[in-house]
Amino acid sequence: MQVALGGTFDPIHDGHRRLFEHAFERGDVTVGLTSDELAQETRHEERYVRPFEQRRADLADELSALSDEHDRSYEIRRLGEPTGIAVEEGFDVLVVSPETETGGQRVNERRRERDLDPLDIAVVDHLTAEDGGIVSSTRIVNGEIDEHGSLTPEREGRPHPS
């Protein structure tokens with residue numbers, strides 16, 4: 001199986017790791033990592049996102065360990081548009097989170113327009129933080145929680161570099 005997923009992944013947290021784990025359980029993985037431009041366009045809240053190459057390096061570290069553990073291959077590709085790589089031939093499954101499920105449906109609409117079979121959409125539930133909210137990169141950047149969902153009331157969040 002060829003599995004696709006995409007995102008900004010900044011910073012990577014246990015919810016992302018849950019997505020990655022699910023993807024590697026299903027097959028070889030291709031991750032679309034949002035370009036710097038797309039990362040800003042797709043934010044629900046305005047916040048600083050680290051440059052693509054920094055995010056790519058962190059993502060490669062995460063995926064490398066899982067790839068070895070599952071004896072699967074992985075590839076990281078730059079995403080320049082929201083439907084990205086998943087509208088290409090060769091994929092079987094798209095792994096998404098609940099808030100990106102509609103994006104998965106758009107991917108399948110675009111695939112049908114290209115006479116490609118739809119992808120199986122695998123929705124992976126959110127990870128719950130210590131306070132009952134979801135674990136998210138925005139909450140980590142804001143200083144509310146750490147990458148594991150533990151509350152961090154002493155943190156001020158990640159500053160935007162000048």
Side-chain angles (χ1 to χ4, degrees), residues 1-40 42-44 47-101 103-104 107 119-152 155 157-159 161:
M1 284 250 176
Q2 295 297 315
V3 183
L5 69 143
T8 302
F9 307 116
D10 184 47
I12 294 172
H13 53 70
D14 285 354
H16 293 139
R17 292 181 185 105
R18 179 184 276 189
L19 289 170
F20 303 151
E21 182 74 32
H22 187 85
F24 278 107
E25 287 172 357
R26 308 262 327 236
D28 294 324
V29 176
T30 301
V31 178
L33 181 62
T34 57
S35 66
D36 291 334
E37 298 78 23
L38 184 60
Q40 292 306 317
T42 58
R43 299 274 46 89
H44 300 295
R47 69 169 171 86
Y48 172 68
V49 174
R50 292 177 311 136
F52 178 86
E53 289 305 327
Q54 289 177 7
R55 293 182 287 122
R56 187 185 194 294
D58 287 349
L59 181 58
D61 288 345
E62 292 285 337
L63 297 178
S64 178
L66 285 168
S67 171
D68 291 345
E69 180 183 326
H70 290 277
D71 194 27
R72 307 275 194 186
S73 66
Y74 76 91
E75 179 181 9
I76 300 171
R77 296 187 37 207
R78 183 183 306 262
L79 278 185
E81 61 179 77
T83 54
I85 60 171
V87 297
E88 298 173 7
E89 290 187 59
F91 293 106
D92 305 296
V93 179
L94 179 63
V95 175
V96 298
S97 58
E99 76 268 11
T100 59
E101 185 175 7
V107 163
L119 298 176
D120 177 24
I121 306 292
V123 181
V124 178
D125 287 334
H126 290 294
L127 187 64
T128 304
E130 185 176 44
D131 63 358
I134 66 167
V135 175
S136 74
S137 295
T138 298
R139 293 189 70 204
I140 294 166
V141 168
N142 289 343
E144 299 170 36
I145 59 172
D146 66 14
E147 68 184 273
H148 308 293
S150 299
L151 296 176
T152 55
R155 269 191 67 223
R158 179 167 71 189

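For the pair L94 and A86, the tightest heavy-atom approach, listed with the atom from each and the gap, is CD1-CB, 4.0 Å. Minimum interatomic distance between H13 and E147 (heavy atoms only, all atoms of both residues): CB-O, 3.3 Å. The minimum heavy-atom distance between L151 and I145, with the atom names listed, is CD2-CG2, 4.0 Å. Of all the heavy atoms in S97 and V123, the pair that sits closest is C-CG1, 4.2 Å. Annotation for D10 and V49: closest pair OD2-CA, 3.4 Å, computed over non-hydrogen atoms. Shortest non-hydrogen contact noted between Y74 and S67 is CD2-CB, 3.5 Å.
Just one of T30, V31, V124, V93 meets the side chain to side chain contact (heavy atoms under 4.5 Å, CB included) condition when paired with L5; it is V31.
In this structure F9 satisfies the ring-ring contact (aromatic ring centres under 6.0 Å, His included) test together with H16, F20, sequence neighbours excluded.
With values rounded to the nearest 0.5 angstrom, R56 atom CZ is found 11.0 Å from D61 atom CG. I76 CD1 to L59 CG: the interatomic distance, rounded to the nearest 0.5 Å, is 4.0 Å. For the atom pair F24 CZ and R17 CZ, the distance stands at 13.5 Å (nearest 0.5 Å). Put simply, CZ on R55 and OG1 on T34 are 4.0 Å apart, with the number rounded to the nearest 0.5 Å.
Listed for the D92 side chain is a donor-acceptor partner under 3.5 Å among the backbone atoms of Q2. One N or O on the side chain of D131 and one on the backbone of G133 form a donor-acceptor pair closer than 3.5 Å. A donor-acceptor pair under 3.5 Å is absent between the side-chain atoms of T100 and the main chain of G103, judged by distance alone. Checked by atom type and distance alone, the side chain of D36 never pairs as donor or acceptor with a backbone atom of P51 at under 3.5 Å.
Counting only N and O atoms by type, the side chains of R47 and T138 include a donor and acceptor under 3.5 Å apart. The closest side-chain donor-acceptor pair between E21 and H70 falls under 3.5 angstrom.
More than 12 heavy atoms of other residues, nucleotides or ligands sit less than 6.0 Å from atom CD of E69.
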